Number of protein chains: 2
Amino acid sequence: MSESNRRIAILAHEKFPERAKTATGIIRYSDDEVVAVLDRDRAGDRISDHLSGMQDAPIVESFEDVEGEVDELVIGIAPIGGGFDDSWRPDVRAALERGIDVVAGLHYFLNDDEEFVELAEKHGAELVDVRKPSDDLTVSQGVADEVDADVVLTVGTDCSVGKMTVSLELMQAARERGIDAEFIPTGQTGIMIAGWGNPIDRVVSDFTAGAVEEMILEKGDDHDVLFVEGQGSIVHPAYSAVTCGILHGAMPDKLVLCHVAGREAIHGYEDTPIPPLSDYIDLYERLAAPVHETGVFAGAINTSDVGGDDEARAIVDDYSDAIGVPATDPIRFGADEILDGLGY
Amino acid sequence: MSESNRRIAILAHEKFPERAKTATGIIRYSDDEVVAVLDRDRAGDRISDHLSGMQDAPIVESFEDVEGEVDELVIGIAPIGGGFDDSWRPDVRAALERGIDVVAGLHYFLNDDEEFVELAEKHGAELVDVRKPSDDLTVSQGVADEVDADVVLTVGTDCSVGKMTVSLELMQAARERGIDAEFIPTGQTGIMIAGWGNPIDRVVSDFTAGAVEEMILEKGDDHDVLFVEGQGSIVHPAYSAVTCGILHGAMPDKLVLCHVAGREAIHGYEDTPIPPLSDYIDLYERLAAPVHETGVFAGAINTSDVGGDDEARAIVDDYSDAIGVPATDPIRFGADEILDGLGY
């Protein structure tokens with residue numbers, strides 16, 4: 001997967017845009033140029049008929065209808081279970097026959113599909129499974145703090161509170177302020193949006209911190225600020241290992257605490273209440289300190305389930321009071337308070 | 001690998017006993033019956049010529065010389081790098097030809113060796129690579145606290161401070177007090193001693209807690225106390241993810257803080273000083289609490305580099321004062337203070 005200036009077509013059959021999180025994430029946040037969306041239910045429309053304020057391109061019936069130069073076909077949807085839907089096969093086949101790389105974040109690996117492997121070899125195309133960790137990962141050296149960039153990590157009260165979205169919004173808003181900001185992906189959707197990265201929750205547990213460190217070292221001297229996508233929560237019964245590895249591997253200078261309005265228990269672990277918000281700040285800061293001193297400089301709260309802006313504003317204010325730093329919902333109100341809190 | 005009552009031969013060529021940590025660990029702590037040690041440099045000796053107070057067996061030249069019934073041949077040594085030494089091949093071949101299982105914890109997998117796979121199939125023997133995680137691991141459900149047994153986890157100030165040894169010593173000492181205690185292994189040496197277990201530092205990072213939980217659930221209703229082997233340290237730049245996953249996956253009722261006398265920086269990360277000991281207690285307890293309340297009830301300190309018992313005793317006393325709970329060096333002085341501190 002090349003890292004910049006790709007021209008990409010995104011497969012999102014029957015799901016664009018509401019049920020195509022990866023596709024819309026790429027359109028919204030990626031540096032790449034989207035040249036077409038494949039959705040047989042909306043062929044003939046354009047992206048701008050459904051999403052505003054983002055890049056535009058035609059929506060087409062199949063890969064055969066994609067015109068002009070294309071570098072990659074990206075599978076921008078995932079069925080429950082992460083399987084490969086055989087109705088996508090003609091599109092993948094058509095791309096490979098034109099020598100075009102195909103990128104997927106499915107549990108089903110394209111590289112395990114005999115037909116695709118054969119076609120890719122024959123036509124000089126690459127099959128990229130972003131869920132498959134690289135073979136050359138290793139343990140952390142504890143040197144991520146040596147890069148020139150400021151490292152900002154989003155940390156959460158729970159999983160699924162919006163850490164990836166907040167990181168991407170902060171990158172965009174920082175760029176609008178003229179800061180050379182980059183996004184460091186750690187999960188499959190983030191990796192597909194960024195076009196590179198290590199799937200931290202899939203690596204060997206001993207290499208968790210090392211796999212983050214490798215990415216910080218790769219980008220850290222080329223930018224002013226890195227926004228690192230966090231995962232899980234430090235008190236999550238199942239995923240805290242990944243969270244802890246990212247915290248120590250990234251050696252962040254600043255943290256942004258992410259939360260979702262109204263959540264009172266760990267998602268899927270309803271017997272485990274969310275601790276007081278101030279406990280999170282204390283835990284994240286004290287756990288990080290022996291490896292690299294850091295602090296929670298700002299907060300982000302997801303108010304998408306809240307009806308009106310007035311109510312959302314009150315929730316944001318309460319959240320900011322509870323954690324003692326500037327906070328906002330960057331999707332609803334923009335990211336300014338957070339960037340101000342971070343000092344950018 | 002069967003879980004109990006095995007009759008085992010241990011391969012330890014040219015390294016028994018000083019450089020055969022796995023071999024001596026099995027002889028010292030395992031429930032299994034050791035029927036022979038293979039060491040071509042000491043053939044004709046007995047275990048008791050080199051180690052006292054443990055089970056005894058003859059030391060032989062090769063597997064051909066092992067007499068009587070044997071269930072397993074265990075590779076009880078590991079060269080630097082974890083490779084397979086071809087001088088061991090005749091012994092492994094001889095075992096497989098007698099239909100006897102072979103167990104190894106090497107980076108080199110027996111199951112990737114064509115000759116061994118063929119012989120194992122032909123003679124109905126099993127090749128067990130304990131470093132290879134099981135395929136059916138998954139995320140933690142957060143239910144390890146539902147087992148009947150008390151769960152005691154050894155946690156550390158650093159890696160290589162003796163957590164496995166302390167756990168095994170506590171299991172033995174508890175059994176001597178009439179308590180039905182079991183050891184829960186989490187690393188390759190512990191797994192080879194116990195004869196079962198998940199290599200937690202090798203599992204997919206998302207499954208770190210789940211792989212520990214699975215073992216607690218398997219043993220937790222059959223014993224009074226489980227002593228869980230901890231890994232790494234919660235402030236280790238590279239390995240904290242594994243530590244954190246074990247802490248939340250095992251949901252321990254009690255912790256034993258393990259340290260090594262004189263260590264002032266994280267081993268191999270000399271820029272990272274060991275924080276004050278009281279910080280560890282606070283961090284481990286507060287990090288665990290949202291998932292399962294726990295406390296540091298006792299401490300263990302490794303004084304093997306200290307010359308005299310008087311000096312060691314003073315170090316133990318200082319350590320106990322610093323952490324505010326009973327402590328000792330269980331190898332030098334026995335485990336009584338720790339068991340007392342744990343309330344057994």
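Note that the structure is a prediction, hence the values are computed from the model and not measured. Heavy atoms only: backbone and side chains are in, while hydrogens, waters and symmetry mates are out.
Using non-hydrogen atoms only and a strict 4.5 Å limit, the part of residues 131-155 of chain A facing chain B consists of A:Val139, A:Ser140, A:Gln141, A:Gly142. Near-neighbour residues of residues 260-277 of chain A relative to chain B, defined by a heavy atom under 4.5 Å from a heavy atom of that chain, comprise A:Tyr269, A:Thr272, A:Pro275. For residues 198-217 of chain B, a heavy-atom distance under 4.5 Å to chain A picks out B:Ile200, B:Asp201, B:Arg202, B:Val203, B:Val204, B:Ser205, B:Asp206, B:Phe207, B:Thr208, B:Ala209, given by residue number. Identified by a heavy-atom distance below 4.5 Å to chain B, the contributing residues of residues 287-299 of chain A are A:Leu287, A:Pro290, A:Val291, in residue-number order.
Top candidate by heavy-atom pairs under 4.5 Å with chain A, chosen from B:Ser240, B:Gly232, B:Gly245, is B:Ser240. The candidate from B:Asp279, B:Leu247, B:Leu283 with the greatest count of non-hydrogen atom pairs under 4.5 Å with chain A is B:Leu283. Of the listed residues (A:Thr243, A:Ile246, A:Ile234), the one with the most heavy-atom contacts under 4.5 Å to chain B is A:Ile234.
The environment of NZ in B:Lys21 is sparse: at most 12 heavy-atom neighbours from other residues, nucleotides or ligands sit within 6.0 Å.
Scanning all heavy atoms of the two residues, the minimum distance from B:Arg286 to A:Arg286 falls at NH1-NH1, 2.9 Å.
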